[in-house]
Number of protein chains: 2
Amino acid sequence: METMKFKEILKKRNLKATQNRLGLLEAISAFKTAMPYSELQKTLNYMDRVTLYRTIDKLKEQGVIHKAFQENNETFYAICGEKCSSDTHHHDHIHFKCIKCKAVTCENMDKALKISLPDYEIHKVAINVSGVCGVCLV
Amino acid sequence: METMKFKEILKKRNLKATQNRLGLLEAISAFKTAMPYSELQKTLNYMDRVTLYRTIDKLKEQGVIHKAFQENNETFYAICGEKCSSDTHHHDHIHFKCIKCKAVTCENMDKALKISLPDYEIHKVAINVSGVCGVCLV
DNA sequence: GAATCAAATGCAACAATGTTGCATTTAAGA
DNA sequence: TCTTAAATGCAACATTGTTGCATTTGATTC
Ligand SMILES: [Mn+2]
Ligand SMILES: [Mn+2]
Ligand SMILES: [Zn+2]
Ligand SMILES: [Zn+2]
């Protein structure tokens, strides 16, 4: 398993490598695409509901996972890439939700697209796209 | 007031011009920027909570209002432009949230920016930007 | 203006989501 | 093994969102 990898990641972020945190990371990792909250709750039903919320929050604020999509009160989470830190999530990718298979995926862009708003100071840009994924198209 | 304007809009969408619907449209309109759900509830406290949800849903699905932003379980609603129909929301604009004044606004783009994902069929694109608005920058 | 009728509303009851305080447990370092 | 701050579980609560059903209301026809 990648348990060792996750322990390292947690250590790097000064977070204790607890059973719950490792369990959550394994779960998201095994899910392949971004994992909806309801699935997390099902898979991790051994841990307290409150703890799940707090675990998600902590890992999110330390740049280990990120919220990939939110729709109809269903939130999807994905593991961050190497570039994310406790200071900032560094996401140069967009999020795609397939209306057929419902999968949410992180998609890299060929060229980083620049958003500009005159007189505004831009901090974060989130791009959410929906449509039909490659698998479901055939 | 613009009550007449709203009555026309509702008629065009085959929606009854009820007190609740007019009230909601007046409220959003008076709020200037996109209006958070919690504010809607405060302003429209005379109407049943369930009715507020159903009113929002109906007006949303008929292209009268649209969800402009969602963050931390706070959803912002704005009135649609002319181009929206009951079939499709036609939004060539992005949504901006100011981290200082918390206002959410609809911002038009100079040039419509194209998102492309090879092998994917793109239906909808939502772009949410946060930062500091012009007013709060000075 | 009164009658009609589908659409809209209010109410009750419920389910899911998210939050806070506090006592207990646990992982990491010494 | 000991120590300690961080993490957890539990209870209690607040908010958000949903469904069914009886009643009301707004648009249309007469
Ligand atoms: Mn992502
Ligand atoms: Mn908008
Ligand atoms: Zn798909
Ligand atoms: Zn501002």
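By convention in this document, chain letters (A, B, ...) are assigned in the order of the sequence lines, proteins followed by strands, and residues within each chain are numbered from 1.
Taking the ring-ring contact (aromatic ring centres under 6.0 Å, His included) definition, one finds that A:His93 meets it with A:His66, A:His91, A:His95, sequence neighbours left out.
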Please tabulate, for the side chains in residues 27-42 of chain B, all donor-acceptor contacts under 3.5 angstrom to protein atoms that are two or more places apart in sequence or on a different chain.
from    : atom 1 : to      : atom 2 : distance (Å)
B:Ser29 : OG     : B:Glu2  : OE2    : 2.3
B:Tyr37 : OH     : B:Gln41 : OE1    : 3.4
B:Tyr37 : OH     : B:Tyr53 : OH     : 3.3
B:Ser38 : OG     : B:Glu74 : OE2    : 2.8
B:Glu39 : OE2    : B:Lys42 : NZ     : 3.2

Side chains of residues 97-105 of chain A: which donor-acceptor partners sit under 3.5 Å, not counting sequence neighbours?
from     : atom 1 : to       : atom 2 : distance (Å)
A:Lys97  : NZ     : A:Glu71  : OE1    : 3.0
A:Lys102 : NZ     : A:Ile99  : O      : 3.1
A:Thr105 : OG1    : A:Glu107 : OE2    : 2.8

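Counting heavy-atom neighbours within 6.0 Å of B:Asp119 CG, excluding the residue itself, gives a total of 12 or less.
Note on the helix from C:dG1-D:dC30 to C:dA30-D:dT1: angle between the axes of the first and last five pairs equals 40°, rounded to 10 degrees.
Computed from coordinates, the A:Asn14 CG to D:dA6 C1' distance equals 12 Å when rounded to whole Å. Rounding to whole angstrom units, CG of residue B:Asp57 and P of D:dT16 are separated by 15 Å. If you take CD1 of A:Ile56 and P of C:dT17, they are 11 Å apart, rounded to a whole angstrom.
Judged by distance alone, with hydrogens and angles left aside, the side-chain atoms of A:Arg13 form a donor-acceptor pair with the main-chain N or O of A:Gly63 at under 3.5 Å. Judged by distance alone, the side chain of A:Arg21 and the main-chain N or O of A:Lys16 form a donor-acceptor pair under 3.5 Å.
Put simply, the side chain of B:Tyr77 reaches to within 4.5 Å of the side chain of B:Ile56, judged on heavy atoms. You'll find the side chain of B:Asn20 stays beyond 4.5 Å of the side chain of B:Asp48, heavy atoms only.
Among D:dC10, D:dA7, D:dT8, the nucleotide with an atom closest to any side-chain atom of A:Arg21 is D:dA7.
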For nucleotides 19-30 of chain D, read 5' to 3', which letter fits each nucleotide if B means a protein heavy atom sits under 4.0 Å from the base, S means only the sugar-phosphate is that close, and - means neither?
BB----BBS---
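Heavy-atom distances under 4.0 Å link DNA chain D to no residue of residues 68-79 of chain B.
For the pair A:Tyr37 and B:Tyr46, nearest-nucleotide mapping onto DNA chain C gives the more 5' position to B:Tyr46.
A donor and an acceptor atom sit less than 3.5 Å apart, one in the side chain of A:Arg49 and one in the base of C:dG18.
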